[in-house]
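Source: prediction; values computed, not measured. What's counted below: heavy atoms across the whole structure, side chains too, no hydrogens, waters or symmetry copies.
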Amino acid sequence: MRKHIYLILTKEENDLLDEIIHSAGFTTRSGYIAAVAKTTLYGLNTGEWIEKIRKLATDKNRTEAVFFALLSELAFPAIAMKGSKIALEALIEELKSEMYNRTGIVPETSDLERLAGEYETLYRPELLAYRTETRTRTYLEENP
């Protein structure tokens with residue numbers, strides 16, 4: 001038999017909780033709440049467990065922010081002209097090295113591929129503008 005738990009949160013609290021839950025690797029809010037309940041039921045230090053979850057979420061968010069900054073610094077033109085997949089293939093070792101230098105970790109290639117795709121989606125207007133300007137400039141240089 002299933003039981004239901006209802007939470008009363010503000011929209012901001014709900015959004016933050018969802019962000020933490022997903023950043024910590026939980027696919028659903030229910031899965032997270034069940035894990036909290038089980039840590040309490042089975043005598044684990046729930047406060048310590050929650051701090052670990054918050055650290056995971058913070059580390060993940062920091063890693064993503066650093067990677068997005070690296071893509072802007074090192075790969076923006078390549079992503080604009082060739083797409084994130086080709087740009088990542090060409091720059092993967094340099095990006096991993098810089099990720100290690102800045103964060104002390106090297107994320108999985110599959111995580112970097114996913115994030116590069118997200119970057120390409122989030123920065124689409126800027127990437128398209130860069131590509132258009134570059135192609136226009138090249139055309140004008142070749143056809144004075």
Side-chain angles (χ1 to χ4, degrees), residues 1-139 141:
M1 177 168 75
R2 291 195 142 166
K3 294 289 182 181
H4 300 280
I5 296 174
Y6 296 94
L7 303 173
I8 300 172
L9 301 171
T10 66
K11 180 183 179 339
E12 294 78 18
E13 290 169 334
N14 186 64
D15 292 346
L16 181 58
L17 182 61
D18 280 345
E19 182 180 322
I20 292 169
I21 288 169
H22 293 291
S23 293
F26 288 91
T27 55
T28 65
R29 191 180 307 130
S30 294
Y32 173 77
I33 300 299
V36 170
K38 288 177 182 180
T39 61
T40 303
L41 291 172
Y42 297 114
L44 297 175
N45 183 334
T46 306
E48 185 178 301
W49 183 84
I50 290 172
E51 280 305 310
K52 288 178 184 176
I53 294 298
R54 290 181 60 81
K55 183 177 179 341
L56 276 174
T58 301
D59 290 349
K60 182 176 183 273
N61 290 342
R62 181 173 168 262
T63 299
E64 289 177 359
V66 167
F67 188 63
F68 278 16
L70 281 173
L71 290 177
S72 292
E73 292 171 28
L74 303 174
F76 186 88
I79 294 171
M81 302 308 288
K82 298 292 183 180
S84 64
K85 184 174 175 130
I86 292 172
L88 194 61
E89 287 173 6
L91 298 168
I92 191 70
E93 292 308 316
E94 185 176 355
L95 290 166
K96 283 182 175 182
S97 176
E98 276 301 309
M99 284 298 293
Y100 178 76
N101 289 338
R102 294 182 189 195
T103 66
I105 63 166
V106 179
E108 293 288 328
T109 300
S110 60
D111 290 334
L112 297 180
E113 290 169 349
R114 178 185 54 79
L115 289 172
E118 288 178 16
Y119 178 90
E120 190 172 21
T121 299
L122 292 170
Y123 290 90
R124 184 164 311 280
E126 295 87 348
L127 293 164
L128 290 174
Y130 179 89
R131 181 172 42 218
T132 300
E133 290 169 11
T134 302
R135 287 191 175 148
T136 301
R137 190 172 46 253
T138 301
Y139 175 80
E141 289 171 359

So how far is it from [X] [atom1] to [Y] [atom2], rounded to the nearest 0.5 Å?
{"X": "Asn45", "Y": "Thr40", "atom1": "CG", "atom2": "OG1", "answer": "9.5 Å"}
{"X": "Thr109", "Y": "Lys96", "atom1": "OG1", "atom2": "NZ", "answer": "2.5 Å"}
{"X": "Thr27", "Y": "Ile21", "atom1": "OG1", "atom2": "CD1", "answer": "10.5 Å"}
{"X": "Phe76", "Y": "Met81", "atom1": "CZ", "atom2": "CE", "answer": "11.0 Å"}
{"X": "Arg131", "Y": "Lys82", "atom1": "CZ", "atom2": "NZ", "answer": "10.5 Å"}
{"X": "Thr28", "Y": "Asp18", "atom1": "OG1", "atom2": "CG", "answer": "10.0 Å"}

For [X], look at atom [atom1] and say whether over 12 heavy atoms of other residues, nucleotides or ligands are found less than 6.0 Å away.
{"X": "Lys60", "atom1": "NZ", "result": "yes"}
{"X": "Ile5", "atom1": "CD1", "result": "no"}
{"X": "Glu108", "atom1": "CD", "result": "no"}

Kindly give the heavy-atom pair with the smallest separation between [X] and [Y], and that separation in Å.
{"X": "Met99", "Y": "Pro107", "value": "CE-CG, 3.9 Å"}
{"X": "Ala116", "Y": "Phe67", "value": "N-CE2, 3.9 Å"}
{"X": "Arg62", "Y": "Arg102", "value": "NH2-O, 3.1 Å"}
{"X": "Asn61", "Y": "Ser23", "value": "OD1-OG, 3.1 Å"}
{"X": "Ala24", "Y": "Leu56", "value": "O-CD1, 4.1 Å"}

[X] vs [Y] side-chain heavy atoms within contact, under 4.5 Å:
{"X": "Glu13", "Y": "Leu17", "value": "no"}
{"X": "Ile20", "Y": "Phe26", "value": "no"}
{"X": "Phe68", "Y": "Leu122", "value": "yes"}
{"X": "Tyr123", "Y": "Leu71", "value": "no"}
{"X": "Glu94", "Y": "Leu70", "value": "no"}

Glu48 with Lys52: basic N within carboxylate O range, under 4.0 Å
yes

Residues Glu51 and Lys55 bridged, charged N to O under 4.0 Å:
no

Considering residues at least two apart in sequence or located in another chain, which fulfil the salt bridge (Lys or Arg N to Asp or Glu O under 4.0 Å) criterion with Glu118?
Arg114

Can a donor-acceptor pair be found, under 3.5 Å and without considering hydrogens, that links the side chain of Thr39 to the backbone of Val36?
yes

Got a donor-acceptor contact below 3.5 angstrom from the Ser97 side chain to the Glu93 backbone?
no

Hey, are Thr63 and Thr103 close enough side-chain-wise for a donor-acceptor pair under 3.5 Å?
no

